[in-house]
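What you are looking at is a predicted structure, and each value in this text was computed from that prediction instead of being measured.
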Amino acid sequence: MTGTDVQKEAEDSGPSGYAAARLRLLTEETRSGPPRRAALADLTDEWLTGLFAAGAEGLRGASLVAVGGYGRGELSPRSDLDLLLLHDGTDTKAVATLADRLWYPVWDLGLDLDHSVRTPAEARKTAGEDLKVQLGLLDARHIAGDLGLTASLRTAVLADWRNQAPKRLPELQELCAERAERQGELQYLLEPDLKEARGGLRDATALRAVAASWLADAPREGLADARRRLLDVRDALHLATGRATDRLALQEQDQVAAELGLLDADTLLRQVYEAARLVSYASDVTWREVGRVLRSRAVRPRLRAMLGGGKPVGERSPLAEGVVEQDGEVVLARAARPERDPVLPLRAAAAAAQAGLPLSLHAVRRLAATVRPLPTPWPAEAREQLVTLLGSGRPTIEVWEALEAEGLITRLLPDWERVRCRPQRNAVHLWTVDRHLIETAVRASEFTRRVSRPDLLLVAALLHDIGKGWPGDHSVAGEIIAKDVAARIGFDRHDVTVVAILVRHHLLLIDTATRRDLEDPATVRSVAEAVGSQGTLELLHALTEADALATGPAAWSSWRGSLVADLVKRVSAVLAGDAPDEPEEAAPTAEQERLALEAAATGSPVLSLRAQTEPPAGQEPSGDPEPLGVELLIAVPDQPGVLPAVAGVLAMHRLTVRTAELRSLHLPDGVDGSVLLLDWRVAAEYGSLPQAARLRSDLVRALDGSLDIAGRLAERDAAYPRRRGVVAPAARVSVHPAASRLATVIEVRSQDAPGLLFRIGRALEDASVRVRSAHVSTLGANAVDAFYVTGPEGAPLPGDEAASVARKLEETLRG
């Protein structure tokens, strides 16, 4: 059926005909995108024209006007209809009757309607008071009735907008900034709002409004296509959900991707991010230009210079060879010759970042159009300018984004293309891969005084996740890429090797510090062998902290920092030749020893529960102490089942385990027995913490078998229906035979869940192994736990037995 046939059906059949024609149009596989949106707008125009003609018989001086998205002829499947019934005020009773005949059929079909009835004077007055109304009227389009009435309103509204632009545009900019603060950046969100988030459809509409003011204009290249892609995704989202929603929820992304013919949800998100990035960059450039124009209008250049208010407009200040500052931007000098100076893009970028100024759009585009490629390897100046850019702190981000918007980054670093706009489906990560790399360099710039080779630190920060665009372990792939890139940008063989080691092992310190027994010499030696030298260890320590800080707040804490610092200290001693032959047990604190002696004397568990706001032992307190949760210390006579009993009691009381340490404590001479010490940090899922006496009572019952923890947890789980959500990857259990010579290390990676540690502990007990120590950490929604286990006689497990335990534990967690 053609578009004309669909319109004819709507005209002939009234509301039901329009509904059928609309449904037919939305289910046509051959039509999508702008043609479908335009056809839907045309179809709706025809239907509303018929309603208007039937209801306005004999009425003059009235017209029906589409505004907002409908005014632009862009109707998504579930878009609301923005309509203005315009009239000259001569027959208000007839206009009210007409309004009823227009609005009620729309409501009867279940369509969302945003409507108003106004005279031209009322419309202009309301627009003057309400910026959102004025923005909608800028897209006013005549549908039916008195065309002259609509045309005169359009002319008046545009004139008002242009006359009031110096006042209204700052108001619009503030509105956009407030919305961005609430909704976040579209280009980084895992569940973005396509309309309201920064870089979304609202911002694209705001850019149209700025252009209509004639005061400034947005960079047009690619903007229309970016806007079209966002609208196409919203169309597919409406069809997939059947709802008027703009939020691209995780559970809808695969279906939306399929609707658009894309490979998968990641491909969909990457396209959304690319479009949003272009809109965001255009917004930055446009609002900067608006500010420049308004400043130049506010103060005449000569008066500004006379009053000492700054340099006259047009004056240029040199920043670097071929680079100058002009009117708050970095531009190319008149004598600059990009076609003869391949280092100029990096020199201009470094100068801009160092000065904390933006690169002008004209300068970046000229560089992109004329500059020659850098030779391989890069000259020393190019490498130095890259390092300067990366070490400039927060201003690096805006300058980097300007280069990337015009394709200069991928020309300098071709491997960047694979990580550009690449999503990270991990709630711990705040950014896409490429932005995370820049954010890490920004963080690393704060540590350049801590290392002897800050250039290697900054380049490694830029490249540490570069392998995420390739299959397999991103650290392994990244090592290969980093070698190539480091050599290409001119580092010598030794420095290339260091950068490659840093990329290959950028997770080594944090993983080892939080998941391994640092008292075991095998742990420390394995790190020392991987790192190789004191200088590389120093760099890796700084990179580890920068990477974690750039990931998000859940990835770093004073506790994690202290563990990494402790590991670095131990590895440094090994590299210096001062390695202990045997593990030394950490001396218990006075509180730990008191609890242990009481547990040995009474033969029952003893515990303390208190808020923990002080930094861990060995770490200097800061001016703003970081709350570390609640510390739970438990001393219990050594016996089977301690780990599952404690974990199960905590799960019953809805206490989430953030970190957990379990070890055997040697008692002073003359005290019989052996005591297990558990030093855990916990947090209440909600509500207040339980009383310590209640925890102890339940723990006693759990240990003597009179408390059915498994049954209680099962009953509670059954009482709460399962919620729909993202399907987490299956649990993975692995054995690390070389991690310790005193025990077998079993590592569990799983989705965190209530009772997880109880299930793990019970499975290990069922396997008749003894947990010598446990190191539990929770990062976002993921739990990564390491258990040092032995057989009943205290020796490491044979290889086949260890593999069997791991296999059974994995089956338990997947069941």
Salt-bridged, Arg560 to Glu545, with N to O below 4.0 Å? no
Sidechain-backbone polar pair: Thr790 side chain, Ala743 backbone, donor-acceptor under 3.5 Å: no
Assess whether atom CD of Glu591 is packed by more than 12 heavy atoms of other residues, nucleotides or ligands within 6.0 Å. yes
Between Glu196 (side chain only) and Arg179 (backbone N and O only), is there a donor and an acceptor less than 3.5 Å apart? no
Looking at Arg770 and Asp638, is there a salt bridge between them, counting it only when a charged N and a carboxylate O are closer than 4.0 Å? yes
Distance from Leu757 atom CG to Trp680 atom CH2, nearest 0.5 Å? 4.5 Å
Is a side-chain donor-acceptor pair under 3.5 Å present for Ser734 with Arg749? no
Does CZ belonging to Arg732 count more than 12 external heavy atoms closer than 6.0 Å? no
Quick check against the 3.5 Å criterion: does Gln592 have a side-chain atom that pairs as donor or acceptor with the backbone of Thr589? yes
So, does Ser697 use its side chain to make a donor-acceptor pair with the main chain of Ala693 at under 3.5 Å? no
Are there over 12 heavy-atom neighbours, none belonging to Glu178, within less than 6.0 Å of that residue's CD? yes
Do other residues, nucleotides or ligands put more than 12 heavy atoms under 6.0 Å from Arg422 CZ? yes
What's the separation between atom CG in Leu457 and atom CZ in Phe447, rounded to the nearest 0.5 Å? 8.5 Å
Ser572 side chain to Val568 backbone, donor-acceptor under 3.5 Å: no
Give a yes or no answer on whether the side chain of Glu439 reaches the backbone of Ala550 with a donor-acceptor pair at less than 3.5 Å. no
Apply side chain to side chain contact (heavy atoms under 4.5 Å, CB included) to Asp266 and Arg425, showing your working. CA-CA 9 Å; Asp266 275 3; Arg425 293 187 175 275; 2.5 Å; yes
Among Val636, Leu632, Leu633, exactly one meets side-chain contact (heavy atoms from CB on, under 4.5 Å) together with Leu678. Which residue is that? Val636
Any donor-acceptor pair under 3.5 Å linking the side chain of Thr812 with the backbone of Ala763? no
Exam field: side chain Gln253 to backbone Leu190, donor-acceptor pair closer than 3.5 Å: yes
From Asp520 CG over to Arg525 CZ, what is the distance, rounded to the nearest 0.5 angstrom? 9.0 Å
Would you mind reporting whether Glu185 and Arg198 have side-chain heavy atoms less than 4.5 Å apart? yes
Distance-only, no hydrogens or angles: does the Thr448 side chain make a donor-acceptor pair with backbone N or O of Ser445 under 3.5 Å? yes
Using a strict 4.0 Å threshold on nitrogen-to-oxygen distance, state whether Arg712 and Asp708 make a salt bridge. no
Is a side-chain N or O of Arg570 found less than 3.5 angstrom from the main chain of Leu518, in a donor-acceptor match? yes
Within the supplied structure, the quantity of interest is the number of heavy atoms (other residues, nucleotides, ligands) at a distance under 6.0 Å from Arg450 CZ; does it exceed 12? yes
I'd like to know if Asp517 and Arg772 make a salt bridge, using a cut-off of under 4.0 Å between side-chain N and carboxylate O. yes
When rounded to the nearest 0.5 Å, the distance separating CG of Asp193 from CZ of Arg247 is 5.0 Å
